[in-house]
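Structure, as structure tokens:
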Amino acid sequence: FALSHVASAAGISFLLALRLLLVSVESVLIAVVYDRLCRLTGDPVRARRVVLFGISLNPVAILMVCQHCNFDVIVALIMFWAALEAAAFARRRDVTVLLTSAFAVGLGALVKTVPLALAPLLGPGLRESSTRARLLAAGLVFGPFALALAVLYALAPNATLHHVLLYRSTSNVFGITGALSLVGLHGPADAWARVSSLFIVGWLVLGTRWLSRRPLDPAGTLLLVGLVMLAIPTFGPGYATQYVYWWLPFLVATYPLFDRRWRQLLGALYAVAVVTYLV
């Protein structure tokens, strides 16, 4: 609504206004990733090279922002903020940092529900905080999502039920469902798509318990978030091309933080993704 009015006032098309917004958000994300890599590696030249080729000149990112024009880049920025705040709590043990991280997760869930999968990152803080702080953190995580969903459901209950709560994206083209369909096992693929959401529920419970006992360092936090976001469409019910931005900035950020074998694996993933998305 706001973009349409801005576009009219500026005398530009809505699509151009949308692209300018998404490019601006992506530019902020690039700056945040660059700043974090500078802090973790102490090598600004290497950090600049990683974000230049990993995001700025990455054909996948360019297509997602300039052609697909989906809001997932906004989700990526918010999730990166949540991950940074969760890592900061491990160093500072400040309850306000915990609440800020919880708010970031909740804000991400307001834009798209998938950031709720980052709730286990709050595990260390929840374990050390008071009951009042835990309740406030839970409210910050689930409150924005629940409030927005309640309004949508009141206005359009059937659409909200089928296109939000029961939405499972596109099955049988990627991950487990894609592999099963490729060999003709369409029945098991459909069954997997229906029950795979239980894995996310299991992660929320078991992941919170596991992380509360084994807090991660910043590099480990970025890696975990990237792998969790990648696991959702891979082992989950469905996939869509724009979901790549759920994990792209996190895996790019881990490139200089781990060993040579990990960099080789990311390089192979990068090559396959670029060819796939260009085609």
Side-chain angles (χ1 to χ4, degrees), residues 1-8 10 12-34 50-83 107-118 148 152 159 162-164 166-175 177-178 193 225-253 255 266 268-279:
F1 176 81
L3 273 178
S4 64
H5 283 273
V6 170
S8 298
I12 61 177
S13 68
F14 174 80
L15 186 58
L16 177 58
L18 176 59
R19 285 171 173 158
L20 291 174
L21 171 65
L22 298 180
V23 168
S24 300
V25 172
E26 187 180 47
S27 299
V28 174
L29 177 62
I30 290 170
V32 171
V33 175
Y34 170 74
V50 168
V51 297
L52 179 65
F53 291 100
I55 303 179
S56 299
L57 299 180
N58 186 343
V60 175
I62 294 172
L63 288 172
M64 287 300 96
V65 170
C66 296
Q67 184 188 62
H68 198 288
C69 296
N70 194 276
F71 282 98
D72 286 78
V73 66
I74 300 177
V75 179
L77 177 60
I78 297 173
M79 289 196 298
F80 208 91
W81 174 34
L107 189 61
L110 178 64
V111 181
K112 181 163 284 192
T113 54
V114 70
L116 288 176
L118 301 187
L152 291 175
H162 291 94
H163 300 305
V164 179
L166 299 180
Y167 177 69
R168 296 296 181 267
S169 191
T170 305
S171 300
N172 306 329
V173 297
F174 183 82
T177 59
V225 173
L227 294 179
V228 168
M229 290 297 106
L230 178 59
I232 291 175
T234 304
F235 300 103
Y239 173 76
T241 53
Q242 71 271 18
Y243 295 173
V244 68
Y245 239 120
W246 294 359
W247 63 83
L248 186 148
F250 295 98
L251 295 189
V252 167
Y255 183 84
L266 287 183
L269 174 62
Y270 184 95
V272 171
V274 166
V275 172
T276 301
Y277 276 73
L278 285 175
V279 171

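Keep in mind that this is a model prediction, so the values were computed, not measured.
- Using a 4.5 Å heavy-atom threshold, the side chains of Leu21 and Val6 count as separate.
- The minimum heavy-atom distance linking Val33 with Ala253 is given by the pair CG1-CB, 4.1 Å.
- Nearest heavy atom pair, residue Ala117 against residue Met229, reads CB-CE, 3.7 Å.
- Interatomic distance, CG of Asn58 versus CG of Leu248, reported as 5.5 Å (0.5 Å rounding).
- Within the model, atoms CG of Leu116 and CG of Leu110 stand 10.5 Å from one another, a figure rounded to the nearest 0.5 Å.
- For the pair Val60/Thr276, no side-chain contact is recorded, criterion being any heavy-atom separation below 4.5 Å from C-beta on.
- A distance of 9.5 Å separates CD1 of Ile62 from CG of Leu278, quoted to the nearest 0.5 Å.
- Residues Leu20 and Ile12 form a side-chain contact, since some pair of their non-hydrogen atoms from C-beta on lies under 4.5 Å apart.
- When every heavy atom of Val225 is checked against every heavy atom of Ala83, the shortest pair comes out as CG2-CB, 4.1 Å.
- Of all heavy-atom pairs between Val65 and Tyr245, the closest is CG2-CE1, 4.1 Å.
- With hydrogens and angles ignored, the 3.5 Å screen pairs a side-chain donor or acceptor of Ser171 with a backbone N or O of Pro237.
- The shortest non-hydrogen separation linking Tyr270 to Pro59 is OH-CD, 4.1 Å.
- Using a 4.5 Å cut-off on side-chain heavy atoms (C-beta onward), Tyr167 and Thr113 make no contact.
- Between Leu3 and Leu18, the shortest heavy-atom distance links the atoms CD1-CD1, 3.9 Å.
- For the atom pair Ile30 CD1 and Ser56 OG, the distance stands at 3.5 Å (nearest 0.5 Å).
- Atom CD of residue Gln67 and atom CZ of residue Arg19 lie 8.5 Å apart, to the nearest 0.5 angstrom.
- The distance from atom CZ of Phe250 to atom CE of Met79, rounded to the nearest 0.5 Å, is 5.0 Å.
- In this structure the side chain of Val73 never reaches within 4.5 angstrom of the side chain of Leu77, judged on heavy atoms.
- By the neighbour-count criterion of 12 heavy atoms within 6.0 Å, atom CZ of Phe53 is sparsely surrounded, having that number or fewer from other residues, nucleotides or ligands.
- No side-chain heavy atom of Trp246 sits less than 4.5 Å from a side-chain heavy atom of Leu230.
- Contact check for Ile78 versus Ile74: side-chain heavy atoms found under the 4.5 Å cut-off.
- Counted within 6.0 Å of CZ on Phe71, heavy atoms from surrounding residues, nucleotides or ligands total 12 or fewer; the atom is thus considered open.
- A perpendicular orientation is assigned to the rings of Tyr243 and Tyr239, their planes being inclined by more than 60° (bins at 30° and 60°).
- For Tyr255, the OH atom counts as loosely surrounded, since its 6.0 Å shell holds 12 or fewer non-hydrogen atoms of other residues, nucleotides or ligands.
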